[in-house]
Amino acid sequence: MSSIPKDRSHNGNLKNPEVPDKTRALNTESVAEVGKKAIERPRALNIERQRSCDERSMSELSMATKADNCSRPGDHLDHLNSPLPKSGLNTPRSVTLDPHPITSEAWDALRRSLVYFRGQPVGTIAALDNSDEKLNYDQVFVRDFVPSALTFLMNGEPDIVKNFILKTLRLQSWEKKIDRFQLAEGVMPASFKVFHDPIRNHETLIADFGESAIGRVAPVDSGFWWIILLRAYTKSTGDSSLAERPECQKGMRLILSLCLSEGFDTFPTLLCADGCCMIDRRMGVYGYPIEIQALFFMALRCALQLLKQDAEGKEFMERIVKRLHALTYHMRNYFWLDLKQLNDVYRFKTEEYSHTAVNKFNVIPDSLPDWIFDFMPHGGGYFVGNVSPARMDFRWFCLGNCIAILSCMATPEQSTAIMDLIESRWEELVGDMPVKVCYPALETHEWRLITGCDPKNTRWSYHNGGSWPVLLWLLAAASIKTGRPQLARRALQLAENKLSKDSWPEYYDGTLGRYVGKQARKFQTWSIAGYLAARMMMDDPSHIGLVALEEDKTLKPLLKRSNSWTF
């Protein structure tokens, strides 16, 4: 096994969790069923059980904002699981995975990555690798901490997550200026670090809202991940008091105010710049990237469960319900691509005017890339990377499609089609190391034009078609939710063959993900946590309830393109 760096600042010394010696036998079908029940089963509490927010229709929620029938976030949280002292205690386990020796190594590395502020753990450092210039890899990133947080929650250690939620909330309230321009009040930090003043023997937090980031782009996804994580904490612990705090309610409202504000846009999607999400460099995702739209959708649904039904909360719930209806229709119809839709685009007429237009965005059929015709299987489909006037980005993006499944932005049929695509295009999307962040890579003139000749984003590297182990947890959760745990098991086995030997790199290069990334950091924390989270979800499928929502029955079913693109 690879050795772990010994001397790091702000490191924890907590002992490793014990690895279970035996697993209870469950076949593939029962694993999927347990995963399904994880989203549905009620918490065993000695209180009157109420229907979940996910079960209640949006129309009911809209009506509820006009009546004082529920005053606490905990009253409308979807079926919560009983808090567990250890991950998987007294819960079904899958026989499909045997205990693996790298699990204990991963836990040890995750413990070493803990960052402390005034004696309390508040997050995990981005990477433990000290062989290169640190840049900002010595900081706690909001998006990076999510798989770490889920791992700690599944292991019965919620205090770390609670501390993180409160500390980032405190940073949100800070004045945020880049040069002489002030950012909106609701913007969440991309990252923060702990600064120790040896003279005063005092610790302070230093946040980065984009003013120090490469490219100077503020993170749009941080606020959405924060809301999603707040729901995961509440669901895991059954403790609604954190979400009920006035500062948490205000924090959610500030985030929602940013993305629900009215403007000139004619679409319910969220307009974003390049570099605003996990793909944090120029990669041609400007406009309406699928990752942000899926996270936006999921954060809105989580906020419905967490907002108190006071005067301010009800107003936001009404706005959320309206936006969700419009966003659901838009994403399921205009962003969805399968063989039928691809053929429709192939035959599009252009320069159509009036509300009767079929090609509403004036997408030029000649813009269809050659690779898409062989890539699209007969039975699969996916949400494309971007849709905006005269442009459709046909690239496949992993995070956006997996979140679409977990949030139920995708219909059950679409979720199945996404998994069919992954299975049928396994070599292209998974290869030797899960999972491609996007497919295919930009090359030659297209790479020069779109990335600005970015030397880090050369073809099949980093965010330009690189393979990222952190995405394992998303693939595992989506696989369990759709009844396909065998895909997650297959991906985990691939990762276990290489991750430890390669010292837990940030990403892999190559068309199959065979090579450690040319600039990849070693002992990347979210690679470690992504593996552990995926492993724990497979060991105990009920854990996906932390990140999976139920389908809302009131959302309109998917219409055929010939109908959905006309009135």
Side-chain angles (χ1 to χ4, degrees), residues 1-2 96-103 105-106 109 127 129 147 278-279 283 371 374-377 380 382 395-402 418-443 447 456-480 484-535 537-538:
M1 290 186 185
S2 304
T96 58
L97 292 175
D98 295 323
H100 199 281
I102 73 167
T103 303
E105 178 192 342
D129 186 5
M278 176 185 174
I279 296 178
M283 268 289 292
W371 62 266
D374 292 329
F375 179 74
M376 182 65 71
Y382 65 103
R395 285 176 295 175
W396 177 89
F397 290 85
C398 177
L399 194 152
N401 276 274
C402 286
I418 293 171
M419 300 311 296
D420 285 343
L421 175 80
I422 293 173
E423 188 168 17
S424 63
R425 295 292 177 256
W426 188 263
E427 287 298 301
E428 293 93 333
L429 302 180
V430 179
D432 287 358
M433 174 54 65
V435 182
K436 280 274 181 285
V437 66
C438 68
Y439 180 89
L442 302 172
E443 303 185 62
W447 165 78
K456 193 168 185 176
N457 266 335
T458 52
R459 62 177 185 172
W460 308 113
S461 180
Y462 200 52
H463 291 314
N464 189 13
S467 298
W468 291 72
V470 64
L471 298 173
L472 270 170
W473 80 264
L474 284 160
L475 179 61
S479 298
I480 294 170
R484 312 278 274 277
Q486 69 276 10
L487 296 183
R489 180 176 67 250
R490 185 179 173 189
L492 273 170
Q493 289 170 344
L494 285 172
E496 287 172 339
N497 290 335
K498 296 180 64 176
L499 280 177
S500 176
K501 296 175 183 177
D502 294 335
S503 302
W504 305 92
E506 180 184 15
Y507 63 93
Y508 285 77
D509 286 353
T511 55
L512 296 178
R514 288 183 176 179
Y515 311 104
V516 174
K518 58 186 176 183
Q519 295 188 43
R521 294 302 197 276
K522 299 294 183 69
F523 300 102
Q524 185 80 14
T525 302
W526 71 349
S527 295
I528 296 164
Y531 163 73
L532 285 173
R535 178 89 197 192
M537 287 178 186
M538 286 297 293

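Numbering of residues begins at 1 and proceeds along the displayed sequence. This one's a predicted model, so the numbers in the text were calculated from it and none came from an experiment. Computation of the quantities below employed the complete heavy-atom set of this structure, encompassing side-chain atoms and omitting hydrogens, waters and symmetry-equivalent molecules.
Pairing each heavy atom of R425 with each of D374, the nearest pair is NH2-O, 2.9 Å. Nearest heavy atom pair, residue S527 against residue P505, reads OG-O, 2.7 Å. Heavy atoms only, all atoms of each residue included: A441 and G465 are closest at CB-CA, 4.4 Å. Of all heavy-atom pairs between A495 and L472, the closest is CB-CD1, 3.5 Å. Among all heavy-atom pairs drawn from V435 and L429, the shortest one is CG1-O, 3.5 Å. Among all heavy-atom pairs drawn from A491 and P434, the shortest one is O-CG, 3.3 Å.
Just one residue in the list W468, Y515, W526 forms a ring-ring contact (aromatic ring centres under 6.0 Å, His included) with Y507, and that residue is W468.
When side chains are defined from C-beta on, V437 does not count as touching Y462, because their heavy atoms never get closer than 4.5 Å. At a threshold of 4.5 Å between non-hydrogen side-chain atoms, the residues D129 and Q524 do not count as touching. In this structure the side chain of M538 reaches within 4.5 angstrom of the side chain of R489, judged on heavy atoms. The side-chain heavy atoms of K498 and Y508, taken from C-beta on, include a pair separated by under 4.5 Å. Side-chain contact between L499 and M433: present, with at least one pair of heavy atoms (C-beta onward) separated by less than 4.5 Å. Side-chain atoms of Y382 and F375, non-hydrogen and from C-beta on, do get closer than 4.5 Å to each other. Residues C402 and L471 are not in side-chain contact: their nearest non-hydrogen atoms beyond the backbone lie 4.5 Å or more apart.
The distance from the CH2 atom of W447 to the CG atom of N464 is 9.0 Å, given to the nearest 0.5 Å. To the nearest 0.5 Å, the span separating CD1 on I480 from CE on M537 amounts to 7.0 Å. The NZ atom of K501 lies 10.0 Å from the CD1 atom of I102; values are rounded to the nearest 0.5 Å. Rounding to the nearest 0.5 angstrom, the gap separating the CE atom in M283 from the CZ atom in R395 is 4.5 Å. Note that the SG atom of C398 and the NZ atom of K436 stand 11.0 Å from one another [nearest 0.5 Å]. The OG atom of S461 lies 8.5 Å from the NZ atom of K456; values are rounded to the nearest 0.5 Å.
Residues satisfying the side-chain contact (heavy atoms from CB on, under 4.5 Å) test with A533, not counting sequence neighbours, are T151, M154, W473. Partners of L487 according to the side-chain contact (heavy atoms from CB on, under 4.5 Å) rule, which considers only residues two or more places apart in sequence or in another chain, are M419, E423, W426, S479, R484. For R514, the salt bridge (Lys or Arg N to Asp or Glu O under 4.0 Å) partners two or more places apart in sequence, or in a different chain, are D432.
In this structure, D509 contributes its side chain and K518 its backbone to a donor-acceptor pair below 3.5 Å. With D420 contributing its side chain and G380 its backbone, the two residues share no donor-acceptor pair below 3.5 Å.
In this structure, Y531 has its ring center under 6.0 Å from that of W504.
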**Request:** Please report the C-alpha distance between N401 and L421 in whole Å, then the side-chain angles of each, then the deciding distance to 0.1 Å, and finally whether the side-chain contact (heavy atoms from CB on, under 4.5 Å) criterion is met.
**Result:** CA-CA 11 Å; N401 276 274; L421 175 80; over 6 Å; no
**Request:** Run the numbers on M278 and H463 for side-chain contact (heavy atoms from CB on, under 4.5 Å), then give the verdict.
**Result:** CA-CA 9 Å; M278 176 185 174; H463 291 314; 4.2 Å; yes
